[in-house]
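Read the structure below first, then the notes.
Whatever order the structure lists them in is the order used to number ligands and atoms, beginning at 1.
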Amino acid sequence: MLRERIRHRPLLDRVVTADEAAALIKDGMTVGMSGFTRAGEAKAVPLALAERARRDPLKITLMTGASLGNDLDKTLAEAHVLARRIPFQSDPGLRKAINAGEVMFIDQHLSETVEQLRTNQIPPVDIAVVEAVAITEQGGIVPTTSVGNSASFAILADKVIVEINLSQPATLEGLHDIYIPTRRPARMPIPVVTPESRVGLPFIPVPPEKIVAIVVSEKHDSSATILPPDDDTRAIAGNLTDFLLNEVKQGRMGYELQPLQAGIGTIANAVLHGFIDSPFHDLKMYSEVLQDSTFELFDAGKLGFASGSSITLSAEMYRKVLPRLVEYKHHLILRPQEISNHPEVIRRLGLICINTALEFDIYGNVNSTHVGGTHMMNGIGGSGDFARNGYMSIFVTKSIAKSGAISSVVPMVSHVDHTEHDVDILVTEVGLADLRGLAPRERAQVIIANCVHPDYRDALRDYYVRASRRGGHTPHILEEAFSWHVALRERGTMRPA
Ligand code: COA
C-alpha cells in the first residue's frame with residue numbers, strides 16, 4: 001500500500017514517526033501547513049508538535065489555507081504553540097486565545113497570503129507540512145481534500161514534511177489543478193476562462209530532495225457541523241430565488257445563472273440547498289469551499305460543474321460522496337486558494353457571490369467577523385475576495401440573533417469587512433434589498449423596509465429620520481450610532497428599553 005502511495009522510491013527511506021518529523025520544527029519558525037475549512041490538514045505532525053510543546057515550550061507562526069479540523073487549532077492554542085496565526089480560523093478555543101490577546105491573528109483575504117510570501121512582504125515559510133494522498137514517480141505531491149495554500153508553501157519553503165494519509169481515497173488523485181501565477185511585474189493572465197478550465201498540474205511540483213520527512217497517518221477529516229435548513233434559512237433561500245428568477249425574467253441572465261460562489265456556514269449552505277427546488281438548471285460553481293449543498297445539487301441534476309479549493313462535508317455526506325468520488329470527479333476541480341479566489345478570475349467569470357454577514361447597517365456596510373465590534377468570530381476568509389470582484393455581491397443573514405436580543409440590521413456596523421461599495425444585495429428571512437444603483441439615502445429606506453425584523457423596524461426608521469434631519473450624504477447621529485451595541489453590552493439586548 002505504501003509503495004503505491006510513495007511512488008518515488010528513494011523517498012521511502014524518509015518515512016519517520018510524527019515525533020521525529022515534529023522535531024524538525026524549531027522555536028520561532030514560520031510553518032506553512034495544509035488545511036482549508038477543516039479539510040486536508042496535516043494531522044499527525046501538529047499533534048506531535050503540541051505534545052512536545054507541553055514538555056518543552058516553543059512558539060511558531062502558523063500559516064494555513066484556512067481553518068483546521070480535528071481540533072488542531074484548539075490543541076495548538078492550548079499547548080501555547082501559536083505566537084501568530086494566519087489567515088483564517090474557526091475554532092472556539094483558538095478564538096478565545098485570540099480575543100484574550102494571547103495569539104496574534106492576522107485576518108487576511110485568503111487570496112493574498114501567498115502573494116505576500118512570494119514577494120517577501122511577510123516572513124518566509126521555514127518548513128511546510130502538507131497532507132498528501134500520494135507522491136508521484138517524479139516526487140510530485142498529490143494533495144487530499146483541499147489544496148488551499150499547500151502548493152505555494154511547499155514550493156517556497158526550504159523543507160517539506162509530507163503526511164501520507166492512507167484513509168484518504170486514492171481516487172482523489174487527478175482532482176487537483178495546481179497553477180501558480182508567474183512573477184510580477186510581467187505576470188501572464190491566469191488562463192482560467194470557465195469553471196472547468198484545467199490549466200495546471202495534478203500534483204505540487206517540488207524537487208524530491210526538499211521532502212525531508214514523510215509521516216504516515218490514517219486520521220479522517222473532521223466532518224462539518226452544518227445545521228439543516230430551518231424556516232428562516234428556507235425563507236432567505238426563497239427570497240433570493242425569487243430575486244434571481246426576476247433577473248432571468250428581465251433578460252439579464254439565463255436559468256443557468258452566472259457561476260455561483262457560496263461562503264461557509266449554515267446559512268450559505270441552506271441557500272444553495274434551496275436551489276434544488278428552483279427552476280434553475282445547468283448551474284456551475286466557482287467557489288472556495290464545496291459543502292454538502294454542492295453534492296446535493298449534483299445529485300438533483302441541477303449542477304454541472306464545481307470548482308473549489310476544498311471539499312468539506314457533513315459525516316453523512318462524506319459516507320455518500322467519498323466512495324462515489326470517481327463519478328463526481330469529472331465534474332470537479334480543486335485549485336490553490338489563490339486561484340479559486342483570484343480577483344482576476346472572479347471578475348472574468350462574473351460570479352454571483354453569496355456570503356454571510358453577522359450584521360449590516362442601514363447603508364449596506366457589512367460586518368462578517370467581529371462580534372460587538374471587538375471579538376473575532378472566524379475571519380473574513382474569502383468573502384472579501386469575492387464580494388469586491390463578483391458580478392453580484394450578495395450578503396445573507398437572519399434578521400435577528402440570540403433569540404431576538406440582537407438585530408442583525410443596525411444603525412452603523414461595529415466593524416466593517418465589506419464596505420457599502422462592495423455590497424449589491426442584502427437578504428434576510430424578512431425580505432431582500434436590491435441596492436444596485438441606489439444612493440445611501442435610498443439604500444437606507446429599502447433596507448429598513450425590506451430586511452429588518454418587525455421588532456426593530458420602527459426604532460431603525462426613527463434613527464434614520466432623525467439622522468436625515470442633520471443632513472449629509474450618509475446621515476448619522478454619531479453619538480447614537482453604536483447605542484444598540486452599547487445596550488446589548490449593558491442590558492443584554494438591543495431591544496428598545
Ligand atoms: N452579533 C453577535 N452574534 C451573532 C450575530 C450578531 N449580529 N449574528 C449571528 N451571530 C451568532 C449566531 O447567534 C451564532 O452563534 P452560536 O454559534 O453561538 O449559535 C453564530 O453567530 C453563527 O451564526 P449562524 O447564524 O449560525 O451563521 P453561520 O454558521 O452561517 O456563520 C458567519 C455566519 C458570519 C460567522 C460565517 O459565515 C463566517 O465566519 N463568515 C466570514 C467568512 C466568510 O464569509 N467566508 C466566505 C468565504 S468561504
Pairing of Asp177 and Arg335 as salt bridge, 4.0 angstrom limit: yes
Under the salt bridge (Lys or Arg N to Asp or Glu O under 4.0 Å) test, residues paired with Arg388 that sit two or more places apart: Asp422
Between Tyr363 and His476, ring centroids under 6.0 Å: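 Yes; His476 has its ring centre under 6.0 Å from that of Tyr363.
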Check: Trp484 ring centre within less than 6.0 Å of Tyr463 ring centre: no
Pairs under 3.5 angstrom, nitrogen or oxygen on both sides, ligand 1 versus protein: list them out, please.
unit_1: ligand 1; atom_1: 7 (N); unit_2: Leu358; atom_2: O; d: 2.9
unit_1: ligand 1; atom_1: 8 (N); unit_2: Leu358; atom_2: O; d: 3.4
unit_1: ligand 1; atom_1: 13 (O); unit_2: Lys402; atom_2: NZ; d: 3.1
unit_1: ligand 1; atom_1: 15 (O); unit_2: Lys402; atom_2: NZ; d: 2.9
unit_1: ligand 1; atom_1: 18 (O); unit_2: Lys402; atom_2: NZ; d: 2.7
unit_1: ligand 1; atom_1: 29 (O); unit_2: Thr266; atom_2: N; d: 3.4
unit_1: ligand 1; atom_1: 30 (O); unit_2: Thr266; atom_2: N; d: 3.3
unit_1: ligand 1; atom_1: 30 (O); unit_2: Ile267; atom_2: N; d: 3.3
unit_1: ligand 1; atom_1: 37 (O); unit_2: Ile264; atom_2: O; d: 3.4
unit_1: ligand 1; atom_1: 39 (O); unit_2: Asn378; atom_2: ND2; d: 2.7

ring-ring contact (aromatic ring centres under 6.0 Å, His included) against His453, all qualifying residues, sequence neighbours excluded: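 In terms of ring-ring contact (aromatic ring centres under 6.0 Å, His included), with neighbours along the sequence ignored, His453 is linked to no residue.
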Atom pairs and distances, side-chain donor-acceptor, residues 395-402, under 3.5 Å, sequence neighbours left out:
unit_1: Thr397; atom_1: OG1; unit_2: Ala357; atom_2: O; d: 3.0
unit_1: Lys398; atom_1: NZ; unit_2: Asp230; atom_2: OD2; d: 2.7
unit_1: Ser399; atom_1: OG; unit_2: Glu429; atom_2: OE2; d: 2.5

